[in-house]
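What follows is a single structure, written as structure tokens, with notes after it.
The sequence lines fix the lettering, A, B, ..., with proteins before strands; numbering per chain opens at 1. Computed from a predicted structure; not experimentally measured.
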Protein chains: 2
Amino acid sequence: MDVLVGLLQLGFTEYEARAYVALLSNPGGTGYEVAKYSGIPRAKIYEVLGSLVARGVVSTSQSDGRALHHALDPESLLRRQVGQVERLRDDLVPVLSALAAQEVLPPLVTIKTYPNIIAGARDIVATARRQLFVSGWWNEVEAILAELTMARKRKVDTYVVVYGEAPPARPRWRHWYSHEIDNRRRISGPPWFIVAADHAEALIGEPTPGSRAVALRTRNRGVAIVASEYIKHDIFLLEASRIMDEKGINLNHDLAHLQSMWFGRRDSDLGGDGSDE
Amino acid sequence: MDVLVGLLQLGFTEYEARAYVALLSNPGGTGYEVAKYSGIPRAKIYEVLGSLVARGVVSTSQSDGRALHHALDPESLLRRQVGQVERLRDDLVPVLSALAAQEVLPPLVTIKTYPNIIAGARDIVATARRQLFVSGWWNEVEAILAELTMARKRKVDTYVVVYGEAPPARPRWRHWYSHEIDNRRRISGPPWFIVAADHAEALIGEPTPGSRAVALRTRNRGVAIVASEYIKHDIFLLEASRIMDEKGINLNHDLAHLQSMWFGRRDSDLGGDGSDE
DNA sequence: TCGTAGTGACTACCAAGGTAACTACTATTG
DNA sequence: CAATAGTAGTTACCTTGGTAGTCACTACGA
């Protein structure tokens with residue numbers, strides 16, 4: 001990640017970003033020096049430093065009658081930004097939620113572009129309460145791994161099926177299943193990505209790397225159930241075939257540990273605190 | 001907090017904010033309807049909705065060949081924003097910190113405007129490791145209360161002295177001391193706000209409500225020690241006078257000659273009342 | 001004279017806000 | 001049946017403010 005791009009995303013202008021970086025590596029500079037190191041025209045530098053001072057990102061000190069400038073350390077800068085959005089969230093969410101009207105019947109909504117599909121998947125995982133099913137390729141699963149971990153910490157039953165070559169960073173979760181297929185070509189058509197929560201909400205996506213990525217997201221009950229059941233069947237068959245490979249007989253007994261997918265959590269399954277194995 | 005202002009702070013344009021709010025309270029609208037509810041000129045509405053769709057804040061569905069629009073729910077929207085800044089932080093801080101050069105000797109830095117003083121105080125509290133001293137009026141102490149709570153959770157020894165009328169939301173901490181004084185007028189001059197951490201960093205501020213607010217922030221060792229010691233002495237005297245009150249010892253008369261340090265030639269009592277725990 | 005320090009007056013460009021006028025379709029009603 | 005009003009969407013153009021970028025100037029000390 002280019003630092004300048006990152007700072008732009010924090011709302012810095014290009015000059016502000018360049019001045020900040022220049023001040024970081026050359027602390028205590030006069031305006032003139034900052035202009036020299038940053039390549040910002042001298043005619044603009046005081047304006048730029050002024051707006052950074054107003055934002056509290058740069059502070060001044062006096063020495064020999066000259067004004068020196070000092071950059072806020074990066075940790076503090078980013079901590080402030082995070083704190084600001086968090087405070088904004090705490091202020092805004094209740095007001096906005098009060099404004100929001102309920103949709104009469106859940107629409108079948110189209111989501112466009114890859115990052116929006118990932119964001120939608122994160123939403124669903126982050127709001128799941130009891131049961132969560134995920135099926136997709138490692139790239140997409142990895143992108144929502146932080147949220148999946150949080151969900152498991154919240155005691156959400158989380159089932160994940162990952163297609164493709166076994167990834168290096170594969171977490172050791174109880175219900176993590178791998179379809180080890182060479183590459184994205186093996187199974188027909190484009191990649192897919194399915195997230196379903198609580199038999200209530202689902203996202204069925206086609207995370208093509210290009211700009212063609214599209215997904216369906218809905219709280220439509222039928223779709224949500226189909227998505228969940230599809231993944232359940234997939235897992236069931238995967239396990240069945242594995243065990244048949246090993247033994248050959250009496251599948252029912254061997255697959256009993258999967259019954260919780262359909263019948264909810266049983267006492268014997270309450271194996272821990274979100275860190276099984 | 002006005003919702004529109006809040007959304008602007010999230011990087012929405014005014015039209016985008018108005019369209020989003022209109023869509024929240026009227027879900028599933030055509031572009032035409034959104035324009036009607038939001039007051040955005042029809043000529044602009046598709047452009048605006050388009051950029052919201054591109055950002056994933058609005059999604060579309062089809063019904064009778066018409067494109068309907070649906071707003072992302074506020075919790076998800078704000079969760080995404082928070083996650084985005086957090087990811088930016090994790091990416092950016094290591095790179096920026098690597099760029100940062102150490103200042104040879106800690107400067108005496110001037111901080112301007114009230115919010116920047118508060119932000120600086122938050123920085124210091126958030127990075128304190130062992131010992132923390134805070135002295136100020138309730139307004140300012142309240143503004144950094146969240147960070148103080150975090151510091152206490154990190155096992156930082158936290159001492160707070162609050163001037164002014166006892167606030168309603170006063171936390172019940174072990175080292176929380178109150179100087180109950182009627183109003184900001186009693187002690188001469190403007191309000192003040194002191195934060196000192198680890199005998200290493202200090203902020204000494206003058207949080208005037210207007211634009212005149214100024215503070216000194218520094219890692220200069222001498223200043224940091226003076227600030228810490230000042231607050232320690234203040235607490236010591238406060239406690240001493242409380243305990244003497246309890247035991248019926250009254251030195252007012254014997255120390256009357258010192259009262260002039262604080263009150264000129266008037267003789268009156270110190271406000272210590274022992275409302276700590 | 002050169003390097004440091006700071007300022008005023010420009011130009012260029014673009015995103016955002018704002019207006020007017022247009023097409024096309026549907027439903028209602030006199 | 002034609003006229004009208006409302007819905008749905010589009011093209012063109014204009015204004016404004018902020019950002020980027022240039023040039024030319026003053027002032028000072030070594």
Considering all heavy atoms, the nearest B:Arg217-B:Gly120 contact: NH1-CA, 3.9 Å
Terminal contacting nucleotides, 5' and 3', DNA chain C versus chain A (heavy atom, 4.0 Å): C:dT4 to C:dG8
Minimum heavy-atom distance B:Leu108-A:Ser61, with the two atoms named: O-CB, 3.1 Å
Those residues of residues 21-54 of chain A lying under 4.0 Å from DNA chain D by at least one heavy atom: A:Pro41, A:Ala43, A:Lys44
More than 12 heavy atoms of other groups within 6.0 Å of B:Arg129 CZ: no
Any B:Ser97 side-chain heavy atom under 4.5 Å of A:Glu75 side chain: yes
Charged tip of B:Arg212 within 45° of B:Tyr114 ring normal and under 6.0 Å: no
Lys/Arg cation over aromatic A:Phe12: A:Arg18, 6.0 Å, 45° cone: no
B:Arg154, CZ: over 12 other non-hydrogen atoms inside 6.0 angstrom: yes
Interatomic spacing from CG in A:Leu203 to CD1 in A:Ile194 - rounded to 0.5 Å: 9.0 Å
Positional range of nucleotides in DNA chain D within the contact set of chain B, heavy-atom, under 4.0 Å: D:dT7 to D:dT11
Minimum-distance pair of heavy atoms, taken over all atoms of B:Val223 and B:Ala202: O-CB, 4.5 Å
B:His69 side-chain N/O to B:Thr60 backbone N/O, donor-acceptor pair under 3.5 Å: no
